[in-house]
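Every heavy atom of this structure was used, including side-chain atoms; hydrogens, water molecules and symmetry mates were not.
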Amino acid sequence: MEKYQNILVVIDPTTHEQKALKRAIELAVHTKAVITAFVSIFDFSYEMTTMLSSEEREVMRKSVISDREIWLDDVISAIETHDLTIKTKVIWHNRPFEAIVEHVLNDKYDIVIKGTHQHDKLKSVIFTPTDWHLLRKCPSPVLLVKDHQWPKNGNILAAINVGSDESEHQSLNHKITEEAVNLSKIIQANVHLVNSFPGTPVNITIEIPEFNSSQYNDSMLQHHKEAMTEHAAKFEIPPENTRVEEGLPEDVIDRVSQRLDAELVILGTIGRTGLSAALIGNTAEHVIDRLNCDVLALKPEGYISPLAS
């Protein structure tokens, strides 16, 4: 069966331009998927109206939801839908990311598509708390849509970590590359692989003057190139479509994606939550902040959302 048969699109009520919905339609044209346009709304003032009974508040909530459903139908009718099936879902919830993840868990969506916001003056993308929560807690792939087009014969860049022997990383490498290959067939794009590796630690060169940093870097580069060649061969990706460069992942992936003018970068996120997420951060999130193209974030096999009951 074709992938992406059941797509959840997060609609942004604050903007006229629904780029996530347009991207979902663009994808669904190829896969004949069913799209659900999803809106989560909440107005705290309705909950704080103590003069009203709970029944009266419920009536007011339903009225607001009904108005938003009419608005959503108008949004969809104004877009070329290519005779696709587009369902709508409007719910009252004070935490949008929880509402989204709950629906993913209940209805088993293949992918969640959400638009990002751009700061007009800074010309950079601003990620909302909902974006970050979805990246960390949504079990299905999350596609964050920016403003880059998806031209035919464009480039998909899959960011992997071939230098690690950990089974989790190897499994995620396979998943990321497989996703890139599958998507490339759907949207007729070219797959490229990128891997970064760290240079010589500064403290070693200071503490051990006789340490040969050049030889160390050459050895690291050779090790990663051999691992990359072996990995790419499993998916019949030609060597000229692979990149191994020294540096931080966020620097290397951003640099290579710009060089390729990539329409999409696919990477893995370990879904770290809690205090460790706040203190340590996530490599994927640092990368996503820098990119000016769409980003598809995948979870490792066996990932369980902290919101799963």
Side-chain angles (χ1 to χ4, degrees), residues 2-5 7-12 15-33 35 37 75-76 78-84 86 110-120 123-125 127 131 141-160 175-195 232 235-243 245 250 252-268 284 287-298:
E2 189 84 75
K3 292 199 70 171
Y4 310 122
Q5 292 295 296
I7 299 174
L8 183 68
V9 182
V10 181
I11 301 296
D12 185 354
T15 179
H16 177 72
E17 180 71 16
Q18 298 296 334
K19 52 190 174 184
L21 179 57
K22 291 179 179 178
R23 183 72 83 231
I25 291 171
E26 192 174 355
L27 183 58
V29 163
H30 298 287
T31 66
K32 306 305 179 186
I35 297 172
V75 167
I76 294 171
I79 297 176
E80 174 57 57
T81 60
H82 301 276
D83 296 322
L84 294 167
I86 301 181
D110 299 318
I111 188 171
V112 173
I113 303 180
K114 185 182 183 301
T116 55
H117 290 263
Q118 187 170 37
H119 192 292
D120 292 334
K123 297 298 181 184
S124 61
V125 171
F127 291 96
D131 296 333
V142 175
L143 176 62
L144 293 178
V145 178
K146 301 191 180 180
D147 288 321
H148 199 290
Q149 297 300 310
W150 279 15
K152 189 176 181 180
N153 294 319
N155 295 315
I156 294 175
L157 181 62
I160 57 178
K175 185 174 183 178
I176 291 168
T177 311
E178 187 176 57
E179 198 84 14
V181 171
N182 287 335
L183 254 177
S184 72
K185 294 174 181 176
I186 294 172
I187 65 175
Q188 298 183 342
N190 305 300
V191 177
H192 297 259
L193 303 179
V194 63
N195 184 94
F235 297 89
E236 300 181 348
I237 296 172
E240 60 268 25
N241 282 21
T242 64
R243 308 285 190 283
E245 297 186 11
E250 53 264 41
V252 173
I253 296 170
D254 178 41
R255 187 165 63 238
V256 174
S257 70
Q258 289 192 46
R259 200 182 302 153
L260 293 172
D261 191 22
E263 60 201 81
L264 174 67
V265 170
I266 304 178
L267 40 72
V287 173
I288 290 167
D289 248 344
R290 301 274 293 274
L291 299 172
N292 289 318
C293 61
D294 289 5
V295 178
L296 180 61
L298 309 179

For the [atom1] atom of [X] and the [atom2] atom of [Y], what is their distance to the nearest 0.5 Å?
X	Y	atom1	atom2	value
Ile113	Leu27	CD1	CG	5.5 Å
Leu193	Ile156	CG	CD1	11.0 Å
Ile288	Cys293	CD1	SG	10.5 Å
Leu157	Asn190	CG	CG	12.0 Å
Ile7	Thr31	CD1	OG1	5.0 Å
Glu263	Asn155	CD	CG	7.0 Å

*asked:* When you compare the side chain of Gln188 with that of His30, does any pair of heavy atoms fall below 4.5 Å?
replied: no
*Tell me, yes or no, whether the heavy-atom count around His82 atom NE2, taken from other residues, nucleotides or ligands under 6.0 Å, exceeds 12.*
yes
_Within 6.0 angstrom of Glu236 CD, more than 12 heavy atoms from elsewhere_ = no
*Can you list the steps and then say if Gln18 with Ile11 is a side chain to side chain contact (heavy atoms under 4.5 Å, CB included)?*
CA-CA 7 Å; Gln18 298 296 334; Ile11 301 296; 3.5 Å; yes
*asked:* Between Lys114 (side chain only) and Asp12 (backbone N and O only), is there a donor and an acceptor less than 3.5 Å apart?
replied: no
_I'd like to know if the side chain of Asp294 and the backbone of Leu264 have a donor-acceptor N/O pair within less than 3.5 Å._
no
Closest contact, heavy atoms only, [X] versus [Y]:
X	Y	value
Ala20	Gly115	CB-N, 3.4 Å
Asp254	Leu291	CA-CD2, 3.8 Å
Val252	Asn195	CG1-O, 4.5 Å
Glu26	Arg23	OE1-NH1, 2.9 Å
Val191	Asn241	O-ND2, 3.0 Å
Leu298	Lys175	CD1-O, 3.9 Å

*asked:* Test side chain to side chain contact (heavy atoms under 4.5 Å, CB included) on Ile111 and Leu296; report intermediate values, then the result.
replied: CA-CA 9 Å; Ile111 188 171; Leu296 180 61; 3.8 Å; yes
_Donor + acceptor pair across side chains of Glu178, Asn182 (<3.5 Å)_ = no
*Using the side chain to side chain contact (heavy atoms under 4.5 Å, CB included) rule, take Ile237 and Thr177 through it: C-alpha gap first, then chi angles, then the decisive distance, then the call.*
CA-CA 10 Å; Ile237 296 172; Thr177 311; 3.7 Å; yes
*Looking at residues at least two apart in the chain, or sitting in another chain, which of them share a side chain to side chain donor-acceptor pair (under 3.5 Å) with Glu245?*
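Arg255, Arg259.
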*Any chance you could lay out the side chain to side chain contact (heavy atoms under 4.5 Å, CB included) test for Ile266 and Leu183, step after step, and finish with the verdict?*
CA-CA 10 Å; Ile266 304 178; Leu183 254 177; 4.2 Å; yes
